[in-house]
Amino acid sequence: MERTLVLIKPDGIQRGLTGEIISRLERTGLKIIAMKMIQMDESLAKRHYSIHQGKPFFVGLIKYITSCPIVAVVLEGRKAVEVARKVMGSTDSAAAPAGTIRGDLGIDMGRNLVHGSDAPASAEKEIGLFFNPGELYNYSRDIDKWITESAG
Ligand code: DAT
Ligand code: MG
């Protein structure tokens, strides 16, 4: 099963939207297999966003993401990366469709509330930055057969 890393970013924490954001992702049927609150230091932030190093928004991005504790969540399920990003909406909250987390709850690119991995390979890499293998739980849910046909 595919996995993705979601971060509730500092603005999500500050605005009291942690539960709302997790709820929107959880009700898709994706399964939470790990979750923790953590304040990212500069080193972790730079590793997590290494692909954006050198871009004009990089310094501000690192300052923002390290400014307050965040909540890191690993979600598992069919097409987890694509499903989570669909629920999150596009990067610029002002352009994100209504019905998405960013579209409904935000108006800014640099305050877009939530991170979601962009591909299965980057998800595995990002999950490894935030969680030890032992922190990822392997369990089944009775309801899984009603969420994914192949599960039952
Ligand atoms: P996403 O978070 O949708 O995967 P991304 O990986 O391209 O988007 O960028 C990472 C974060 O950096 C994004 O959530 C917000 C910030 N960002 C991206 N482009 C930006 C820009 N042009 N101005 C300000 N912040 C930007
Ligand atoms: Mg990205």
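Note that ligands are numbered from 1 as they come in the structure, with each ligand's atoms numbered from 1 the same way.
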Exercise. Would you say ligand 1 has an N or O under 3.5 Å from any N or O of Arg85?
Worked result: yes

Problem set entry | Closest protein heavy atom (residue, atom, distance) for atom 11 (C) of ligand 1 | Leu61 CD1, 4.0 Å

Problem set entry | Proximity of Thr91 to ligand 1 by residue part, where a heavy atom lies under 4.0 Å | both

For this session: Examine Ile127 and Met35 and state if one hydrophobic cluster contains both, with Ile, Leu, Val, Met, Phe, Trp and Tyr joined whenever side-chain heavy atoms are less than 4.5 Å apart.
Result: no

Exercise. Among Met109, His52, Lys55, which residue places a heavy atom closest to atom 5 (P) of ligand 1?
Worked result: His52

Exercise. Given that the side chain starts at C-beta and the backbone is N, CA, C, O, which of these parts of Lys9 lies under 4.0 Å from ligand 1, counting heavy atoms, or is it both or neither?
Worked result: side chain

For this session: Determine the interplanar angle of the Phe57 and His52 rings, folded into 0 to 90°, and report it as parallel if under 30°, tilted if 30 to 60°, perpendicular if over 60°.
Result: tilted

Exercise. In the single-linkage hydrophobic clustering (I, L, V, M, F, W, Y; side-chain heavy atoms under 4.5 Å), do Leu17 and Met37 co-cluster?
Worked result: yes

Exercise. Non-hydrogen atoms of Asn112 versus ligand 1: any pair closer than 4.0 Å?
Worked result: yes

Exercise. Checking Lys31 against Tyr139: charged group under 6.0 Å from the ring centre and within 45 degrees of the axis?
Worked result: yes

For this session: Apply salt bridge (charged side-chain N to carboxylate O under 4.0 Å, His left out) to the pair Glu82 and Lys86, showing each step before the final yes or no.
Result: CA-CA 6 Å; Glu82 183 183 326; Lys86 178 190 69 178; over 6 Å; no

Problem set entry | Check: Thr148 main-chain N/O paired with Arg78 side-chain donor or acceptor under 3.5 Å | no

Exercise. Going by heavy atoms, is Arg102 under 4.0 Å from ligand 1?
Worked result: yes

For this session: Would you indicate which of Phe57, Phe58, Tyr64, Tyr49 comes nearest to atom 17 (N) of ligand 1 when only heavy atoms are counted?
Result: Phe57

